[in-house]
Amino acid sequence: MPDDQLSLTFAALADPTRRAILARLADGDATVNELAEPFDMSLQAVSKHLKVLERAGLISRGREAQWRPCRLETEPLESASAWIDRYRDRWTDRFERLDQEIKRIQRGEDDHE
């Protein structure tokens with residue numbers, strides 16, 4: 001398994017359950033039981049997902065009495081977003097050229113004019 005941060009982040013985000021857990025944590029810290037409520041799976045299965053997210057640095061776990069609330073950590077998401085943004089300009093440029101070509105065809109202009 002790759003161990004660079006970006007690979008860990010994208011691998012963790014590949015699973016819809018983990019993305020749903022991150023979405024829930026965007027609203028605030030939660031315990032494992034609270035995170036497990038919407039899912040039809042065991043606490044042990046949810047804990048495995050949390051371990052993947054924790055290993056990727058996407059969540060951290062605190063300690064309050066006997067509870068260990070989970071917290072969203074946004075830095076890996078910001079790094080992933082920055083990586084994607086590097087390619088956004090390229091596909092935006094391609095879409096703009098495609099749009100211009102479609103408009104040219106719709107106007108009936110010839111390629112050789």
To the nearest 0.5 Å, atom OG1 of T9 lies from atom CD of E75 at 9.5 Å

For L77 and L72, run side-chain contact (heavy atoms from CB on, under 4.5 Å): C-alpha distance rounded to whole Å, both residues' side-chain angles, the deciding distance at 0.1 Å, then the answer.
-> CA-CA 10 Å; L77 293 173; L72 177 66; 4.3 Å; yes

Would you find a donor on one side and an acceptor on the other, under 3.5 Å apart, between the side chain of R18 and the backbone of A12?
-> yes

If you measure from the Lys or Arg side-chain nitrogens to the Asp or Glu carboxylate oxygens, is any gap between E101 and R104 under 4.0 Å?
-> yes

How far apart are the closest heavy atoms of W83 and Y87, and which atoms are they?
-> O-CD1, 3.3 Å

Decide yes or no for F39 and I21: does some side-chain heavy atom of the first lie under 4.5 Å from some side-chain heavy atom of the second?
-> yes

Under-4.0 Å salt bridge between R19 and D15 | no

Could you check T92 against D89 for side-chain hydrogen bond (donor to acceptor under 3.5 Å, both in side chains), going step by step and ending with a plain yes or no?
-> CA-CA 5 Å; T92 298; D89 289 342; 5.4 Å; no

Does atom CZ of R94 have more than 12 heavy-atom neighbours, drawn from other residues, nucleotides or ligands, at distances under 6.0 Å?
-> no

Donor-acceptor pair, S42 side chain versus A45 backbone, under 3.5 Å?
-> yes

Are any of the side-chain heavy atoms of L25 and L35 separated by less than 4.5 Å?
-> yes

Kindly compute the distance separating CE (M41) from CD (Q44), expressed to the nearest 0.5 Å.
-> 12.0 Å

Could you tell me whether the side chain of I84 reaches within less than 4.5 Å of the side chain of F10, counting heavy atoms only?
-> yes

Provide the closest heavy-atom pair for P69 versus D29 in the form atom of the first, atom of the second, distance.
-> CB-CB, 4.4 Å

Steps toward side-chain contact (heavy atoms from CB on, under 4.5 Å) verdict (R71, R61) = CA-CA 6 Å; R71 170 175 290 151; R61 295 189 199 200; over 6 Å; no

Using a 4.5 Å cut-off on heavy atoms from C-beta on, say whether the side chain of C70 contacts that of L50.
-> yes

Under 4.5 Å between side-chain heavy atoms, hopping through other hydrophobics if needed: is there a path connecting L53 to L43?
-> yes

Starting at NE2 of H49, measure out to OG1 of T17 and round the result to the nearest 0.5 Å.
-> 4.0 Å

What heavy-atom pair brings V32 and S47 nearest, and what distance separates the two atoms?
-> CG1-OG, 4.0 Å

Ion pair present between R90 and D93, side-chain N to carboxylate O less than 4.0 angstrom?
-> no

So, does D85 use its side chain to make a donor-acceptor pair with the main chain of R88 at under 3.5 Å?
-> no

Closest heavy-atom pair, V46 versus A36, reported as atoms and distance to 0.1 Å, is CG2-CB, 3.7 Å

Does the Q5 side chain pair with the main chain of P76, one donor and one acceptor, at a distance under 3.5 Å?
-> no

Quick one: does L13's side chain get under 4.5 Å of L22's, heavy atoms only?
-> yes

So do K103 and E109 actually touch side chain to side chain, heavy atoms under 4.5 Å?
-> no

